[in-house]
There are 2 protein chains.
Amino acid sequence: MSGLHILTKGWAYRLLMLPDGRRQIAGFLIPGDICMTEVPDVRLDFSLSSLTDSTYLHLSNQTLDRLRAAYPAVGEGLAIHNHVASAILRNWVLNLGQRNAFERIGHLFCEMLIRLRCIGMAENDGYHFPVTQIELAEATGLTPVHVNRTIQDMRARGLVSLQNRELKILDFARLANLVMFDPAYLHPVTGGCAQDG
Amino acid sequence: MSGLHILTKGWAYRLLMLPDGRRQIAGFLIPGDICMTEVPDVRLDFSLSSLTDSTYLHLSNQTLDRLRAAYPAVGEGLAIHNHVASAILRNWVLNLGQRNAFERIGHLFCEMLIRLRCIGMAENDGYHFPVTQIELAEATGLTPVHVNRTIQDMRARGLVSLQNRELKILDFARLANLVMFDPAYLHPVTGGCAQDG
DNA sequence: CGCAATATTGAAATAAGTCAAACCGTGTGG
DNA sequence: CCACACGGTTTGACTTATTTCAATATTGCG
């Protein structure tokens, strides 16, 4: 393999575009996520955008090799990270293909809660969510208008509150159940936090 | 990393399911594709189904290590394969999120043509396509009824013919243009076939 | 203060879904 | 050799989730 770029601070997203301008967000990145792997002779099919002030760490091929050699757990950790990243992506396919507007948005809210919890960036089922409704629409394959109405529906049902980029899940159990969120694909977890052997 | 399972003959697909029974196909696998990577302590989030009589090759951890050591190109090849597999998945997200029924199905037809060509399993823009309309619906997030009507539309426009599991793209240039298919994400290719250095 | 980007609301249009029936090829068994 | 059952395809009529268009708040911010 080759070098890696890791997001170390802030939020970002992976963007895919169609020649006629249609935009699809194919994943949100938070600290700890690998946003890109360098592979020789392969063109990138996506672009990255930061949502907030963010910083990145670049690990070169050699650095990575040395790390792997010195700490075998590094290689294993990368393998797990890769697997989870694929699982998240596959799950996004499931979302777009099978879930309706309510379920898509609710599922994203739940997923980000668990992922942020794992890195200590969520408390009490609430977290900073620096994503506009327009971007949320680009992520869920919906219209901004419909995203808006759906969020209002969630508010009316007392499931979430969202204002000033602060999201709070008011009834996680009910929301998770309604949108069929099962955190298993994010990794074997305990109370929302990864357990490393 | 760990062991690998490679499809060596036949077609298969990766299936995701929701607890209420909704099914989403998250990718078709053809010979040469890695259908699964063994990662310790990680539960699989998908299942695999064969569409035709198929065979698999299992490469154990040790075998793989030995291969990689003896032939450096193996490691690089795997990295490229991984990258392309992710790109295909991301593209499927783009499909489901932004393309309409016609574009989704047409895009899949184009993608499979190029991928099959690379392994010598397509000729003259035609190939064996062992996927029922029901499965095609599960892959595209559409209804079988709507898939049917869309294919009829394609037939009526003289773009494809499909009967007895044999698909022929009658006007590839026009179809690719209509559905905005750009093979770049499948790998730098020449005439549909991968060029390895 | 006033712009520019977001968020919200309403009404009308449409792509895709649902339900239900008919059709078709094909293999099987009487 | 016909009848029938089976999985898949096709068709029609009707419903609905989501989009579109367009206008009106609202908010952050230089």
Side-chain angles (χ1 to χ4, degrees), chain A residues 11 13 18 20-25 49-53 95-109 128-157 160-168 178-179, chain B residues 11 13 18 20-25 49-52 95-109 128-157 160-168 178-180:
Chain A
W11 281 60
Y13 61 81
L18 250 22
D20 69 352
R22 280 178 263 177
R23 297 156 60 89
Q24 176 67 41
I25 290 177
S49 296
S50 307
L51 281 166
T52 66
D53 191 31
N95 250 1
L96 292 170
Q98 299 300 323
R99 285 193 244 249
N100 62 26
F102 184 93
E103 294 165 336
R104 285 182 214 179
I105 296 173
H107 194 277
L108 178 61
F109 287 171
H128 184 61
F129 186 69
V131 180
T132 67
Q133 293 187 3
I134 293 164
E135 288 152 345
L136 200 42
E138 290 172 352
T140 52
L142 299 165
T143 294
V145 172
H146 199 57
V147 166
N148 184 280
R149 295 197 233 262
T150 306
I151 290 177
Q152 311 238 9
D153 181 23
M154 288 182 177
R155 287 194 187 113
R157 297 207 222 171
V160 307
S161 80
L162 174 58
Q163 56 216 270
N164 291 86
R165 313 280 117 106
E166 289 299 322
L167 178 71
K168 183 138 221 276
L178 279 172
V179 305
Chain B
W11 281 59
Y13 61 81
L18 249 23
D20 69 352
R22 281 178 261 177
R23 297 157 60 90
Q24 176 67 40
I25 290 177
S49 295
S50 307
L51 281 166
T52 65
N95 249 3
L96 292 171
Q98 300 301 323
R99 285 193 244 249
N100 63 25
F102 184 94
E103 294 164 336
R104 286 183 213 178
I105 296 172
H107 193 278
L108 178 61
F109 287 170
H128 183 60
F129 186 69
V131 180
T132 68
Q133 293 187 2
I134 293 165
E135 287 152 346
L136 199 43
E138 291 173 351
T140 52
L142 299 165
T143 296
V145 172
H146 199 58
V147 166
N148 184 278
R149 296 199 233 260
T150 305
I151 290 176
Q152 312 238 8
D153 181 23
M154 289 183 175
R155 287 195 188 112
R157 297 207 221 170
V160 307
S161 80
L162 175 58
Q163 58 216 271
N164 290 87
R165 312 281 117 107
E166 289 299 323
L167 178 70
K168 183 137 219 276
L178 279 172
V179 305
M180 287 171 289

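In what follows, chains carry the letters A, B, and so on, assigned in the order in which the sequence lines appear, proteins first and then strands, with residues in each chain numbered from 1.
Of the possible donor and acceptor atoms, none in the side chain of B:Arg99 sits under 3.5 Å from a partner among the backbone N and O of B:Gly106. Listed for the B:Glu166 side chain is no donor-acceptor partner under 3.5 Å among the backbone atoms of B:Phe129.
Remark: C1' of C:dA15 and CG of B:Leu96 are 16 Å apart, rounded to the nearest angstrom. Between A:Arg22 atom CZ and D:dT19 atom C1' the separation is 13 Å, expressed in whole Å. Residue B:Leu136 contributes atom CG, which lies 16 Å from atom C1' of D:dG7 at whole-angstrom precision.
Here the side chains of A:Leu142 and A:Ile105 are in contact, with some heavy-atom distance below 4.5 Å. Between B:Ile25 and B:Val131, every side-chain heavy-atom pair lies at or beyond the 4.5 Å cut-off. Inter-residue side-chain proximity for A:Val179 and A:Arg104 is flagged as unmet; no heavy-atom pair is nearer than 4.5 Å. B:Gln133 has its side chain out of reach of B:Pro144: every pair of non-hydrogen atoms, C-beta onward, lies at least 4.5 Å apart.
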Look for any protein N or O under 3.5 Å of an N or O in nucleotides 12-14 of chain C and output each such pair with its distance, or none.
none

Below 3.5 Å is the cut-off: list the nitrogen or oxygen pairs between protein and nucleotides 6-8 of chain C, distance only.
residue	atom	partner	partner atom	Å
C:dT6	O3'	A:Arg165	NH2	3.2
C:dA7	OP1	A:Arg165	NH2	2.8
C:dA7	OP2	A:Gln133	N	2.7
C:dT8	OP1	A:Arg155	NH1	3.4
C:dT8	OP2	A:Gln133	NE2	2.7
C:dT8	OP2	A:Asn148	ND2	2.6
C:dT8	O5'	A:Asn148	ND2	3.2
C:dT8	O5'	A:Gln152	NE2	3.4

Just the atom pairs and distances: protein N or O near nucleotides 16-18 of chain D's N or O, under 3.5 Å.
residue	atom	partner	partner atom	Å
D:dT18	OP1	A:Ala101	N	3.1
D:dT18	OP2	A:His146	NE2	3.4

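Shown here are the side-chain contact (heavy atoms from CB on, under 4.5 Å) partners of A:Thr143, two or more places apart in sequence or in another chain: A:Val145, A:His146. For B:Asp20, the side-chain hydrogen bond (donor to acceptor under 3.5 Å, both in side chains) criterion is met by B:Arg22, not counting sequence neighbours. Annotation: side-chain contact (heavy atoms from CB on, under 4.5 Å) contacts of A:Gln152 (sequence neighbours excluded): A:Asn148, A:Arg155. Remark: A:Asn164 pairs with no residue by the side-chain hydrogen bond (donor to acceptor under 3.5 Å, both in side chains) rule, at least two apart or across chains. Take A:Pro130 and apply the side-chain contact (heavy atoms from CB on, under 4.5 Å) test, not counting sequence neighbours, and it matches A:Trp11, A:Leu51, A:Thr52, A:His128. For B:Ser50, the side-chain hydrogen bond (donor to acceptor under 3.5 Å, both in side chains) partners are B:Ser54, B:Tyr56, not counting sequence neighbours.
Here B:Asn164 does not reach the OP1 or OP2 of C:dG25: none of its side-chain N or O atoms lies under 4.0 Å away.
For residues 128-153 of chain A, every residue pair satisfying the salt bridge (charged side-chain N to carboxylate O under 4.0 Å, His left out) rule, not counting sequence neighbours, is listed here: A:Arg23-A:Glu138, A:Asp153-A:Arg157.
Rounded to 10 degrees, the angle separating the terminal axes of the helix from C:dC1-D:dG30 to C:dG30-D:dC1 is 30°, with each axis obtained from five end pairs.
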